[in-house]
Amino acid sequence: MARKRAERQRLMERVAAEVFAERGYERASLEEIAARLDMRGASLYHYYPSKEDLFLAAVQNATAEVVARLREVASSGGPAVDRLRRLFVSQALVELRDYPSFAPLFLMHLPDPVLDARVRELSREHAAVFREVAAEVAGDRGDALIGTYLALGSLAYLRRWYDPAGALSPEELAEHVAASLVNLL
């Protein structure tokens, strides 16, 4: 029963992320999210007491899953430059295939300063995985760290220009992008 509830909540969070990404935080409503889930708005309150709680749950849970996945890559062994390339591949796949509606949530204006601070904190936690591996690549050179931040910024916008009907699959594009980003460092 608990597993089924958790799966239901993940679905609600994914749908909520889609609505927040499309409409923006302020224009998104629990009623629209519930309608997409074929639920009544009041039913969402059973799981999430407010729009803020739903937004935060979606961001926190997705971040936890993504960061765990990235930490696995970061600690997988091999030369740091290879691990950094694999981190870029993983992040590109997060953006394009696995969590496409979540990246915009980290880039949007949030009117609530407490909510905004928490999202920034989660963003720093995510970036720390890249920073650690980039520091290994950089040694004493600070430019690799700056390049890594630039790479993360560019990866956040992949979804804006990638054409799923184009010549490259998300996996192929992720490999190309990651190789290009590593070469820039």
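Note: hydrogens, waters and symmetry copies are ignored here, and every other heavy atom, side chains too, is used. Everything quoted here is computed from the prediction, not taken from an experiment.
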**Atom of A92, atom of A174 and distance for their closest heavy-atom approach** = CB-CB, 3.6 Å
**Request:** Give a yes or no on whether the backbone of V133 and the side-chain of R83 come within a donor-acceptor separation of less than 3.5 Å.
**Result:** no
**Message:** For the CZ atom on R8, are there more than 12 heavy atoms of other groups (residues, nucleotides or ligands in this structure) within a distance under 6.0 Å?
**Reply:** yes
**Request:** Return yes if a side-chain donor-acceptor contact under 3.5 Å exists between R131 and Y149, otherwise no.
**Result:** yes
**Request:** Check the surroundings of atom CZ in R5: do more than 12 heavy atoms from other residues, nucleotides or ligands lie under 6.0 Å from it?
**Result:** yes
**Asked** Which heavy-atom pair separates A179 from R85 by the least distance, and what is that distance?
**Response** N-CG, 4.3 Å
**Asked** Near R40 CZ, under 6.0 Å, is it more than 12 heavy atoms from other residues, nucleotides or ligands?
**Response** no
**Prompt:** Does atom CG of D38 have more than 12 heavy-atom neighbours from other groups under 6.0 Å away?
**Reply:** no
**Prompt:** Looking at CD of E52 and CG of L54, how far apart are the two atoms once the value is rounded to the nearest 0.5 Å?
**Reply:** 10.0 Å
**Prompt:** Should R27 and E32 count as an ion pair when the cut-off is N to O under 4.0 Å?
**Reply:** no
**Message:** Let's go through E22 and R36 carefully: what are the C-alpha distance in whole Å and the side-chain angles of both, what is the deciding distance for salt bridge (Lys or Arg N to Asp or Glu O under 4.0 Å) to 0.1 Å, and is it a yes or a no?
**Reply:** CA-CA 13 Å; E22 292 167 14; R36 288 195 191 183; 2.6 Å; yes
**Asked** Are V137 and L184 in one and the same hydrophobic cluster, where Ile, Leu, Val, Met, Phe, Trp and Tyr link if side-chain heavy atoms are under 4.5 Å apart?
**Response** yes
**Request:** Ignoring hydrogens and angles, tell me if any N or O in the side chain of K51 forms a donor-acceptor pair with the backbone of A28 under 3.5 Å.
**Result:** yes
**Item:** Exercise: identify the closest heavy-atom pair between V129 and R71
**Value:** CG2-CG, 3.8 Å
**Asked** Would you find more than 12 non-hydrogen atoms of other residues, nucleotides or ligands less than 6.0 Å from E172 atom CD?
**Response** yes
**Message:** Please identify which of these residues, D98, L122, N61, V94, meets the side-chain contact (heavy atoms from CB on, under 4.5 Å) condition with V66.
**Reply:** V94
**Request:** Search all heavy atoms of S50 against all heavy atoms of L30 and return the closest pair with its distance.
**Result:** C-CD1, 4.1 Å
**Request:** Under the salt bridge (Lys or Arg N to Asp or Glu O under 4.0 Å) rule, what do E121 and R118 come out as? Steps first, then yes or no, please.
**Result:** CA-CA 5 Å; E121 182 182 318; R118 180 63 180 137; 2.6 Å; yes
**Item:** Pair E65 + R69, salt bridge at N-O below 4.0 Å
**Value:** no
**Test log, rule side chain to side chain contact (heavy atoms under 4.5 Å, CB included), inputs Y48 and L56** = CA-CA 10 Å; Y48 305 98; L56 193 55; over 6 Å; no
**Request:** Please report the shortest heavy-atom distance between S90 and V73, naming the atom on each side.
**Result:** OG-CG2, 3.6 Å
**Message:** Students often mix this up, so state it plainly: with edges at 30° and 60°, are the rings of Y99 and F102 parallel, tilted or perpendicular?
**Reply:** perpendicular
**Message:** Just verifying a value: how many Å separate L158 CG and L173 CG, rounded to the nearest 0.5 Å?
**Reply:** 6.0 Å
**Request:** Indicate yes or no: does R86 engage D82 in a salt bridge with an N to O separation below 4.0 Å.
**Result:** no
**Message:** side-chain hydrogen bond (donor to acceptor under 3.5 Å, both in side chains) for E95 and Q91? Distances and angles first, verdict last.
**Reply:** CA-CA 6 Å; E95 305 284 343; Q91 185 62 35; 2.6 Å; yes
**Asked** With no hydrogens and no angle check, is any side-chain donor or acceptor of T63 less than 3.5 Å from a backbone partner on V59?
**Response** yes
**Prompt:** Should E7 and K4 be marked as a salt bridge (Lys or Arg N to Asp or Glu O under 4.0 Å) after you check the CA-CA gap, both sets of side-chain angles, and the distance that decides it?
**Reply:** CA-CA 5 Å; E7 288 173 5; K4 196 170 196 172; over 6 Å; no
**Atom of Y25, atom of H109 and distance for their closest heavy-atom approach** = CB-O, 4.1 Å
**Prompt:** Hey, any chance W161 and F88 share a hydrophobic cluster, counting ILVMFWY side chains that come within less than 4.5 Å of each other, even indirectly?
**Reply:** yes
